[in-house]
Structures are given as structure tokens and as C-alpha cells.
Amino acid sequence: SKIKNRKAQHEIVGFILIVVIVVVIGLFLLVFYLRQEPVEKQSSDIQNFLQSGMRYTTSCAINYAPEYSSVEDLIKSCYKNENQECVDERNVCEVLNETLSELVPKSLQVDPEGKINAYSMFVYYEDLSASDEENRNKEETQKHKILRLSKGNCTGSKTGAEHLIAYHPGNIVVSIEICYK
């Protein structure tokens, strides 16, 4: 009877030891998981929005009316000459800013109380003519800002996408980041 008691006690101690080890490992994994930075996802919906948004026809005709330019055309014109005007004498960059300031929040339904609570859009030219070594050393100087828009305060998860517009010797990059609950 004493031998059976001792054997049972050893089994209980062994079981408790295993449970303690599993709990410690579980806590370690939980802490490791919570310390990771949130992963930004590339969203195909946002990518599709950017591609269709670049084709959106604006109210600006650069050469002659009624040949109205797309958002992508205005981005290129704004980068090439920030003083460029539409035929109705409005500034191309200002029309681009106004168009995207209306298009993005309406299309994405940005609302502080809604599913999408904020967005940030950055349009810049990235020079690819410099060597890789120079690009690493001058990361920021290789980017020429064209436009930056944002609305709301980001709370919750993030997703985003980029659209590239070839413009020799580099690319114009249209980057958008969406924050949602």
C-alpha cells in the first residue's frame, strides 16, 4: 500500500511538473507574439482602387477641352512642372490635390466611427538612375515629393498598396495606407 502511495505521488509530481513547463512555454510564446510589430498587408482591394483611381477622369484639360486628363496624367504633369496650368488656368497640382481629396475619402468611405477610420496617401518620384550603393546612402534624397494627403487618426490594423507609374529614369510611386477597425 505504501509503495502504491509513493508511486501515485511521483506520478502527481511529474504531472504537475509537466503542466508548469507547458504553462511557462505558453507564456513565453504569448509574450513573443505580443512584442511583434503589426504586419502591414498588401490589399488587393486597395491595389484595385489605386489602379482604377489613376484612370479617373478629372475636370482639368491640359492641352485642349474637352480632352480631360486622368489622375495619372495630372500626377505626371505636376511632377514635370508644378506651375503647369489647365486650359481654364487652374494649377494642375491644385486640381490633382482637390480631386484626390474628394475621391479617396468618398470611395473608401473614410469615417472616424466607421470601418475605415483613416488613410494616408503619398505620391513621390523615385530616381532609379543612381547606383544601388548611392540609393542606400541617400534613401530620402532620391524621393521627390509630389503630394501627401491624409485624413483621420490611425487606430487599429493597417493595410496598403502601391501603384507605380513609369517615368524615366525612375518611377512615380503612389502609396496608400488604410487604417481600419
Side-chain angles (χ1 to χ4, degrees), residues 33 36-82 84-88 90-130 132 135-136 139-181:
Y33 174 75
Q36 287 182 337
E37 292 292 319
V39 177
E40 290 187 21
K41 301 180 285 184
Q42 284 280 332
S43 169
S44 59
D45 290 341
I46 304 302
Q47 184 68 45
N48 291 338
F49 164 74
L50 274 180
Q51 287 178 348
S52 61
M54 293 300 108
R55 312 250 176 303
Y56 179 80
T57 304
T58 67
S59 62
C60 175
I62 295 174
N63 298 321
Y64 60 88
E67 186 187 299
Y68 296 103
S69 300
S70 68
V71 167
E72 187 170 305
D73 293 337
L74 289 190
I75 290 172
K76 289 178 185 177
S77 294
C78 183
Y79 172 68
K80 186 166 55 175
N81 177 6
E82 56 189 45
Q84 173 84 35
E85 291 185 345
C86 308
V87 292
D88 62 4
R90 293 180 297 157
N91 181 281
V92 168
C93 295
E94 289 174 13
V95 173
L96 174 64
N97 192 337
E98 290 168 14
T99 302
L100 287 175
S101 294
E102 291 175 14
L103 180 68
V104 175
K106 284 181 183 176
S107 299
L108 298 175
Q109 299 174 350
V110 177
D111 178 11
E113 304 303 316
K115 182 180 175 188
I116 297 176
N117 57 34
Y119 77 91
S120 177
M121 179 180 242
F122 187 34
V123 182
Y124 61 92
Y125 176 77
E126 188 170 43
D127 188 355
L128 301 177
S129 64
D132 288 340
N135 278 340
R136 269 188 241 111
E139 185 85 26
E140 279 303 310
T141 60
Q142 299 299 321
K143 295 180 180 180
H144 173 79
K145 177 186 157 201
I146 299 170
L147 177 75
R148 185 184 290 272
L149 297 172
S150 62
K151 181 178 181 180
N153 291 325
C154 187
T155 57
S157 303
K158 294 179 185 178
T159 187
E162 284 187 347
H163 177 77
L164 299 179
I165 303 168
Y167 199 93
H168 188 73
N171 290 316
I172 295 175
V173 180
V174 181
S175 173
I176 190 165
E177 185 176 85
I178 307 297
C179 298
Y180 58 94
K181 293 179 184 176

Distance-only donor-acceptor hits, side chain of residues 166-173, under 3.5 Å, sequence neighbours excluded:
none

Point-to-point distance, once rounded to the nearest 0.5 Å, from SG of Cys60 to CG of Leu74: 5.0 Å
Flag side-chain contact, heavy atom, 4.5 Å: Arg90 against Ser59: yes
Gap separating the CG atom of Leu108 from the CD1 atom of Ile178, nearest 0.5 angstrom: 4.5 Å
Cys154 versus Ala118, closest heavy-atom pair with distance: N-CB, 3.8 Å
Point-to-point distance, once rounded to the nearest 0.5 Å, from CD1 of Ile46 to CD of Glu177: 11.0 Å
Backbone N/O of Phe49 and side chain of Ser52: donor-acceptor pair under 3.5 Å: yes
Pair listing, salt bridge (Lys or Arg N to Asp or Glu O under 4.0 Å) test, anchored in residues 163-172, at least two apart: none
Contact check, side chains of Val92 and Lys80, non-hydrogen atoms, under 4.5 Å: no
Closest non-hydrogen atom pair between Tyr56 and Thr99, with its separation: CE2-CG2, 3.7 Å
Close side-chain approach of Ile116 and Gln109, heavy atoms under 4.5 Å: no
Partner set under salt bridge (charged side-chain N to carboxylate O under 4.0 Å, His left out) for Arg148, not counting sequence neighbours: none
Heavy-atom pair of closest approach, residues Cys86 and Val95: SG-CG2, 3.9 Å
Gap separating the OG atom of Ser101 from the CE atom of Met121, nearest 0.5 angstrom: 9.5 Å
Within residues 44-68 or reaching into it, pairs that qualify as salt bridge (Lys or Arg N to Asp or Glu O under 4.0 Å) - sequence neighbours excluded: Arg55-Glu72
Which residues share a side chain to side chain donor-acceptor pair (under 3.5 Å) with Ser150, sequence neighbours left out: none
Reported CD-to-CD1 distance for the pair Glu126 and Ile165, which is rounded to 0.5 angstrom: 13.0 Å
Side-chain donor or acceptor of Ser175 paired with backbone N/O of Phe122 under 3.5 Å: no
Passing option when Glu94 is tested against Leu96, Asn91, Asn97 for side-chain contact (heavy atoms from CB on, under 4.5 Å): Asn91
Residues in side chain to side chain donor-acceptor pair (under 3.5 Å) contact with Asn63, at least two apart in sequence or another chain: none
Exceeds 12 heavy-atom contacts within 6.0 angstrom, atom CG of Asn153: no
Gap separating the CD1 atom of Ile75 from the CG atom of Leu100, nearest 0.5 angstrom: 6.0 Å
